[in-house]
Amino acid sequence: MVGAITTIEPKRLQIGTSRSMSNNLAGQLAGIIAVQRSGEPGYDNSNFWIRGISTFGGSRSPLILVDGVERSLDNMDPEEIESFSILKDAAASAVYGVRGANGVILINTKRGKVGKPNVSARFEQGITSPVQLPKFVGAADYLEVMNSIREERGEQGLYSKERIENIRNHTDPDLYPDVNWLDAVLRDKAGNSRANVSVNGGSDILRYSLVTSYYREGGLIERDEKQAWNSSSRLNRYNVRSNVDINVSPTTLFRLNIGGYLQDRTRAPQSVDELFQEAFTIPPYVHPTIYSSGEIPRTPQRTNPWALATQRGYERISASKIESLFAVEQDLSFWFKGLKARGLFSFDRYSNTSVVRSKSPDYYNPAIGRDENGKLKLVIDSYGQEFLGYEKNSDWGDKSMYLEGAINYVQSFGGHNVEGMFLYNQRNYDNGDLLPYRNQGIAGRFSYNYSNRYIGEFNFGYNGSENFAPGKRYGFFPSFALGWYISEELFMEHLKNTFSKIKLRGSYGLVGNDKLDGRRFAYITTINETGGYSWGLNNDFKRSGRMEGDQGNSGLTWETVAKSNIGFELGLWKALEFQLDLFHEDRKNIFMQRRSIPGSSGFTNAPWANFGRVNNKGIDMSLELNKQLNPNLFLSVRSTFTYALNKILEQDEPSAVIGTSRSSTGKPIGQLFGFIDEGLFTDADFSDIANGTLRSDIPRHTFGPVRPGDIRYRDLNGDGVVDALDRTAIGGTEDPQIVFGFGSNLRYKAVDFGFFFQGVSRTYRIIGGSNFIPGSANGAMGNIFDNVSDRWTLDNPRQDVFYPRLSDYQSANNNLASTWWLRDMSFVRLRNIEVGYSLPSKILDHLAIRNFRIFLRGNNLLTVSDFKLWDPELGVNNGMRYPIMKSVSMGLELNFK
């Protein structure tokens, strides 16, 4: 093997209690960069890439093959997996041609083995809670902050001390509410469960493997126990996979795989992201969740987050998928020694439906007081419905068919070992678009090694896509690789006990990509409709019109990647394994819409072309130690490190941008842009503080009035004015460039203990957004984080504060994306810590049990980061998204005799 390939034991993918297996990849495999941006049940998949991102155009995701067929891994149960590998360089992925440009993940599911039935079972029950939630000040402190803003301007505060004290003393929560809206819509804890049973066995003729799994996850969203329905978020998933191998003759093997899942989710009838944003928008003092007399308040043109979560009904979403595979393998050695043929057919089907039972409750304007009888003075805002409505929704889903035929040849001639493969495949994928997506191609591989020391390999893919014009639909993607097993040389024989492996390898090749975002069939010129025209006395007559749409480009072709890789593998004492890879990728012909063509050219829409180019390079490495220290003690240590840095070389930027600080050419994909702050304005910066007039030697700021305490920005182009032309690259990208992991397992007799840390670095975010700065909407919108005391004031005019000068309006100047709000989101997280105990065999022998293990596990229990306001992994700029969860769980594993 001379390709850059990383494998992992499937049991290591069981370290987490979350639904999606993609959440267990980061830090586990060298070459994988992954982040989880949400913890919402059903929407908590990680974004992951092999060796980072190398295109700003089409698909960035790797090709995932389950039993050789393109599928998703998110809803697989780790118990189904027998082997898991990632292919990172061109030599390993070139035979996949157009599908392998972003790397390949190979997953093989469990197959039956000869022997009597082997039955195993596993169950785990966990308690979950948020890793971290934003913390806000209460209503009394909120109003005091609002008063202080006006008082610093020499004006009287709007809110009386009596009102503030009534809130603080909880005098009348109906009239003086103090609501933490996050607490109102979220529970403190939830739970999840996972159970699976697998049966494996068979004979020389027939072998079988059956895996069934169940996963349940309760969500954090609150429900109203008084309602007959349950609107809280929750998920149930049922998986099954059955693989059967039948030797229909001594030389013919038939394989049948059937798998799939059924997943049911329930939630409130609006998106959870909307709920979290509303919980941030509504201040804590405006009204309670519900009045003590039962009425539900809301501010006109606003909403009540608690009612949004608990009073509007529920939505049931059901998704299902079936995956099938039929394969025949024929040994042709009776005709030509070492020759085998294989044929494979697969069809998959995914569907998704939902039922919405919703209504709007009666809403009242916030109470203005109580009458002489002590009743709240309420005015209806809007009347709702008494009963839940009904709406049924469904989408097309998707279906795919895949056909593959291959011939393999393996033979040895003395010290010469030869392997060859020739393959044909085609795929039809239909997601309800105007036409299905189709690919077909051939691929080949030839490898030679001499005495297991010198290895050479040549691969090619010749692939076709319906996305290009006739004559441009096929592309040729070759690769080659060389390897040298130094440890197999005769001069290393006396060092075998020390150097169990020394291997050098290198590869170079081309791979392609036809998944071009933005426009399909871009070689065809389109015709669009215009608004038409009308005529007649009263414009009674109308005709529609036509106009040229997108200009076709018959020369469009593949997005191609030239990949090179140099690898080194070292094994010491038959216990330590080290692997290091240096990689470089040059991606060109990136499909994009031209940006520099002038409007005078006459195009209605800018044309599309293969124009972009990106460079990506980096390093990935892994270190693993497995050592039996004595008959009772075993030690395992492992670590991984991945660094990938990309750079845009060409993206057709407008001439007005090229060469300026605003240019993103030469920067990474997703580079953050903003202004460079130079601290906060001081009194000495103004010639007239009252009117906000800056000294003549200080650049004029054009984003609204400024005062002492506001953010001062650098005039990059030196024109004496700070405006949009002074934006520049700041920090880096939101997607991390470095991912690492390290952990250890220790087993002493019947007790085992393990832990695993994972972290990311070189990841940044510009925090902020609407109403993020306290007081921005004059107290009508937005919550205030509990670090509000760390702000600039007349009495505290420090430069190292978190917040600049506060105002009761939206300060355009202080809300700009800039280095002031740039934060490093690097973190290290304790992904897993586990202790287990296996019962002695002398007890189990009487129970017909081969192994019985109980364990206690914790996930995401510790996070270390310089950023403290919310979980730094969340994909949001103000912390308001369903949190990533931590958990404590107990479980057991059984294997029956």
For a salt bridge (Lys or Arg N to Asp or Glu O under 4.0 Å) with Glu873, tell me which candidate from Arg829, Arg37, Arg881 qualifies. Arg829

Can you measure from [atom1] ([X]) to [atom2] ([Y]) and round to the nearest 0.5 angstrom?
X	Y	atom1	atom2	result
Ser93	Ile105	OG	CD1	12.0 Å
Asp273	Tyr43	CG	OH	10.0 Å
Arg312	Trp229	CZ	CH2	10.5 Å

Please determine whether side chain to side chain contact (heavy atoms under 4.5 Å, CB included) holds for the pair Met890 and Ile854, giving the CA-CA distance in whole Å, both sets of side-chain angles, and the decisive distance to 0.1 Å. CA-CA 8 Å; Met890 289 189 65; Ile854 57 175; over 6 Å; no

Review item, side-chain donor-acceptor pairs of residues 185-192, under 3.5 Å, at least two apart:
unit_1, atom_1, unit_2, atom_2, d
Arg187, NH2, Ser232, OG, 3.4
Asn192, ND2, Thr17, O, 3.1
Asn192, ND2, Thr17, OG1, 3.4

Would you call [X] and [Y] a salt bridge, taking side-chain N to carboxylate O under 4.0 Å as the test?
X	Y	value
Arg241	Glu80	yes
Arg853	Glu834	yes
Glu329	Arg255	yes

Distance alone, cut at 3.5 Å: any donor-acceptor contact between the side chains of Asp74 and Ser20?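 Side-chain D/A pair, Asp74 to Ser20: present.
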
Just checking, any donor-acceptor pair under 3.5 angstrom between side chains of Asn75 and Asn239? no

Which residue pairs satisfy the salt bridge (charged side-chain N to carboxylate O under 4.0 Å, His left out) criterion with at least one member in residues 117-134, sequence neighbours excluded? Arg122-Glu124, Arg122-Glu893, Glu124-Arg857

Just checking, Arg520 and Tyr437: is the charged tip under 6.0 Å from the six-membered ring centre and within 45° of the axis? yes

